[in-house]
Amino acid sequence: MNHELSPEDLDQIKALLSSNQLENNEIVFSILEGYGLIPSGVRNFFNNRYKYKIGEQKFRYQGGENILDIRVKRNNIYFYLNLNDLKLKEIPAEIGLIQNLKEINLSQNNLTSIPEELTNLKYVEKLSIAYNKNIHTDCFQIIQKFRQLKVLNISGCSLTSFPEELLDTKGLEVIYLESNMLTTLPPEISQLENLYYLDLSRNCFSKFPYQLYNTPSLETLLMEYNRFTPAQIVALKRSKKKIKIKF
């Protein structure tokens with residue numbers, strides 16, 4: 001059964017985190033498990049496979065940055081998961097049981113899919129699956145269910161077309177699509193009314209996707225290292241549209 005953390009519990013967690021002592025990780029983890037905020041299977045995943053540290057700050061240890069960060073904000077507790085560059089072929093379904101998970105970084109692994117259980121996560125605002133070159137496009141059916149998602153990094157995922165599932169993720173504000181194989185965008189991309197930053201650099205565009213001019217909030221567009229001719233670039237730079245385009 002899940003319970004809300006009391007102010008006293010939050011104060012204790014803050015004090016343990018601020019001490020920066022490794023042994024306090026176990027105490028904090030036990031508190032969070034007791035309240036059902038972190039499942040026991042996740043502790044086993046961290047302990048058995050990778051060293052981990054938890055805390056409000058970024059610490060260095062053998063193997064890189066923290067795998068799990070905990071931050072207390074406005075009497076609430078949030079989690080930030082970093083599994084970047086760990087050569088993972090899969091991630092445990094138990095990750096989908098970490099309540100209040102805000103950010104997930106799965107970049108630079110060997111993933112082909114992400115577990116369906118991640119759809120249980122209600123508060124994810126930032127997700128990266130960048131440079132998982134063999135990731136299957138079915139994963140976007142899961143990603144579209146992250147209704148709070150604001151920042152998505154799908155660079156280097158061998159995409160040949162824009163994932164149409166993302167057109168229903170109306171809250172997206174930032175999308176990184178660098179180093180894919182895109183040549184066009186769907187007209188419906190203008191439906192992403194909150195999108196203000198889009199990185200399309202290092203793709204295969206030879207014609208400018210003018211439908212982006214209809215995207216109401218778009219401010220910054222990166223299109224470096226595509227296949228535009230010098231004359232096209234000169235003409236586009238003269239455009240009086242308010243979008244800042246970098247070639």
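Positions are given from 1 along the sequence.
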Side chains of [X] and [Y]: closer than 4.5 Å at any heavy-atom pair?
X      : Y      : answer
Leu236 : Ile233 : no
Leu106 : Ser128 : no
Asn100 : Ile98  : no
Leu37  : Phe79  : yes
Leu101 : Tyr123 : no
Leu118 : Ile91  : yes
Pro209 : Met223 : yes
Asn105 : Leu81  : no

So, taking the atom named [atom1] in [X] and the one named [atom2] in [Y], what distance separates them when rounded to the nearest 0.5 Å?
X      : Y      : atom1 : atom2 : answer
Gln144 : Leu172 : CD    : CG    : 11.0 Å
Ser190 : Leu212 : OG    : CG    : 9.0 Å
Leu32  : Ile38  : CG    : CD1   : 4.5 Å
Leu111 : Ile129 : CG    : CD1   : 8.5 Å
Ser107 : Asn82  : OG    : CG    : 8.0 Å
Tyr78  : Glu103 : OH    : CD    : 12.5 Å

Counterpart residues, side-chain contact (heavy atoms from CB on, under 4.5 Å), relative to [X] (two or more places apart):
X      : value
Thr184 : none
Leu97  : Pro39
Asn194 : Glu173
Asn110 : Lys87, Lys89

Which pairs, with at least one residue in residues 147-163 and sequence neighbours excluded, count as a side-chain hydrogen bond (donor to acceptor under 3.5 Å, both in side chains)?
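Listed once each, the pairs are Asn153-Ser155.
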Residues pairing under side-chain hydrogen bond (donor to acceptor under 3.5 Å, both in side chains) where one sits in residues 203-232, two or more places apart or in two chains, turn out to be Tyr213-Ser239, Thr229-Gln232
What heavy-atom pair brings [X] and [Y] nearest, and what distance separates the two atoms?
X      : Y      : answer
Gly156 : Asn180 : N-ND2, 3.7 Å
Cys139 : Ile114 : CB-CG1, 3.8 Å
Leu200 : Leu182 : CD2-CD1, 4.2 Å

Fill in: Co-members of Leu222 in a cluster of I, L, V, M, F, W and Y side chains, linked at under 4.5 Å
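Its cluster partners, ordered by chain and number, are Val151, Val174, Tyr176, Tyr196, Tyr197.
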Does the [X] side chain pair with the main chain of [Y], one donor and one acceptor, at a distance under 3.5 Å?
X      : Y      : result
Asn132 : Cys157 : no
Asp168 : Leu166 : no
Lys170 : Leu167 : yes

My understanding is that only residues two or more places apart in sequence, or in another chain, count here; which of them pass ring pair (Phe, Tyr, Trp, His ring centres under 6.0 Å) with Phe247?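 With sequence neighbours excluded, Phe247 shows a ring pair (Phe, Tyr, Trp, His ring centres under 6.0 Å) to Phe228, given in chain and number order.
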Hits for salt bridge (Lys or Arg N to Asp or Glu O under 4.0 Å) against Glu116, two or more places apart or cross-chain, chain-then-number order -> Lys145
Linking I/L/V/M/F/W/Y whenever their side-chain heavy atoms sit closer than 4.5 Å, directly or via other members, would Met181 and Leu177 fall into one cluster? no
Exercise for review: Kindly state each residue pair satisfying salt bridge (charged side-chain N to carboxylate O under 4.0 Å, His left out) with at least one member in residues 189-205, sequence neighbours excluded.
Suggested key: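 Counting only pairs at least two positions apart or across chains, the salt bridge (charged side-chain N to carboxylate O under 4.0 Å, His left out) contacts touching residues 189-205 are Glu178-Arg202.
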Sorted by chain and residue number, the side chain to side chain donor-acceptor pair (under 3.5 Å) partners of Glu125 (sequence neighbours excluded) come out as Lys102
_Residue pairs passing the ring-ring contact (aromatic ring centres under 6.0 Å, His included) test where at least one lies in residues 129-167, sequence neighbours excluded_ =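 Counting only pairs at least two positions apart or across chains, no ring-ring contact (aromatic ring centres under 6.0 Å, His included) contact touches residues 129-167.
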The residue among Leu152, Ile175, Ile143, Leu149 that forms side-chain contact (heavy atoms from CB on, under 4.5 Å) with Thr169 is Leu149
